[in-house]
Amino acid sequence: MQQNCNSGFDEKARLMDMLNSEKQMTAIYNTSLCESETMAVRNCLSSILKEEHTMQNELFMQMKSRGWYQTETAEQTKLEQAKQNFCTACNIG
């Protein structure tokens with residue numbers, strides 16, 4: 001007997017699952033890149049990480065274009081506050 005692999009997910013749910021998976025993969029590759037010891041491994045992981053970021057962005061743009069991933073425009077005051085917090089944390093200017 002053949003089973004249906006769809007498992008009840010609609011296209012929005014599948015894209016969201018794929019996007020969340022890509023977010024997890026980029027986090028894993030980022031940590032691995034930071035902890036790699038040789039340049040050969042670092043270069044390989046860096047290349048893979050770049051590909052993962054590209055795929056993540058493509059999924060994000062696909063969802064956003066369909067109205068399935070809403071983002072809000074940051075207010076200038078919030079941007080300035082975030083910049084100030086970062087500069088303070090990093091002891092910059």
Output all residues satisfying side chain to side chain contact (heavy atoms under 4.5 Å, CB included) with Ala13, sequence neighbours left out; order by chain, then residue number. Phe9, Asp10
So does His53 get a backbone contact from the side chain of Asn57, meaning a donor-acceptor N/O pair under 3.5 Å? no
Report yes if some heavy atom in the side chain of Leu19 is under 4.5 Å from a heavy atom in the side chain of Tyr69; otherwise report no. yes
CD/Glu22 to CG/Asp17 distance, rounded to the nearest 0.5 angstrom? 10.5 Å
Which residue pairs satisfy the ring pair (Phe, Tyr, Trp, His ring centres under 6.0 Å) criterion with at least one member in residues 15-39, sequence neighbours excluded? none
How long is the gap from CE on Met25 to CD on Gln56, to the nearest 0.5 Å? 11.5 Å
Report, one line per pair, each donor and acceptor closer than 3.5 Å where one atom sits in a side chain of residues 77-89; sequence neighbours left out.
residue: Glu80; atom: OE2; partner: Gln76; partner atom: NE2; Å: 3.1
residue: Gln81; atom: NE2; partner: Asn85; partner atom: OD1; Å: 2.8
residue: Gln84; atom: NE2; partner: Thr88; partner atom: OG1; Å: 3.3
residue: Asn85; atom: ND2; partner: Gln81; partner atom: O; Å: 3.4
residue: Thr88; atom: OG1; partner: Gln84; partner atom: O; Å: 2.9

Look up atom OG1 in Thr54 and atom CG in Leu49, then write down how far apart they are to the nearest 0.5 Å. 9.5 Å
Salt bridge (charged side-chain N to carboxylate O under 4.0 Å, His left out) partners of residues 23-33, not counting sequence neighbours, each pair once: none
Without placing hydrogens or testing angles, list every side-chain donor-acceptor pair under 3.5 Å for residues 59-67, not counting sequence neighbours.
residue: Gln62; atom: OE1; partner: Arg66; partner atom: NE; Å: 2.9
residue: Gln62; atom: OE1; partner: Arg66; partner atom: NH2; Å: 2.9
residue: Lys64; atom: NZ; partner: Thr71; partner atom: OG1; Å: 3.0
residue: Ser65; atom: OG; partner: Met61; partner atom: O; Å: 3.3
residue: Ser65; atom: OG; partner: Gln62; partner atom: O; Å: 2.9
residue: Arg66; atom: NH1; partner: Glu11; partner atom: OE1; Å: 3.2
residue: Arg66; atom: NH1; partner: Glu11; partner atom: OE2; Å: 2.6
residue: Arg66; atom: NH2; partner: Glu11; partner atom: OE2; Å: 3.4

With side chain to side chain contact (heavy atoms under 4.5 Å, CB included) as the test, pick out the partner of Thr26 among Glu52, Met55, Glu51. Glu52
Would you mind writing out the side-chain donor-acceptor pairs for residues 33-45 within the sub-3.5 Å range, not counting sequence neighbours?
residue: Ser36; atom: OG; partner: Leu33; partner atom: O; Å: 2.9
residue: Thr38; atom: OG1; partner: Val41; partner atom: N; Å: 3.3
residue: Arg42; atom: NH1; partner: Leu33; partner atom: O; Å: 2.8
residue: Asn43; atom: ND2; partner: Met39; partner atom: O; Å: 3.3

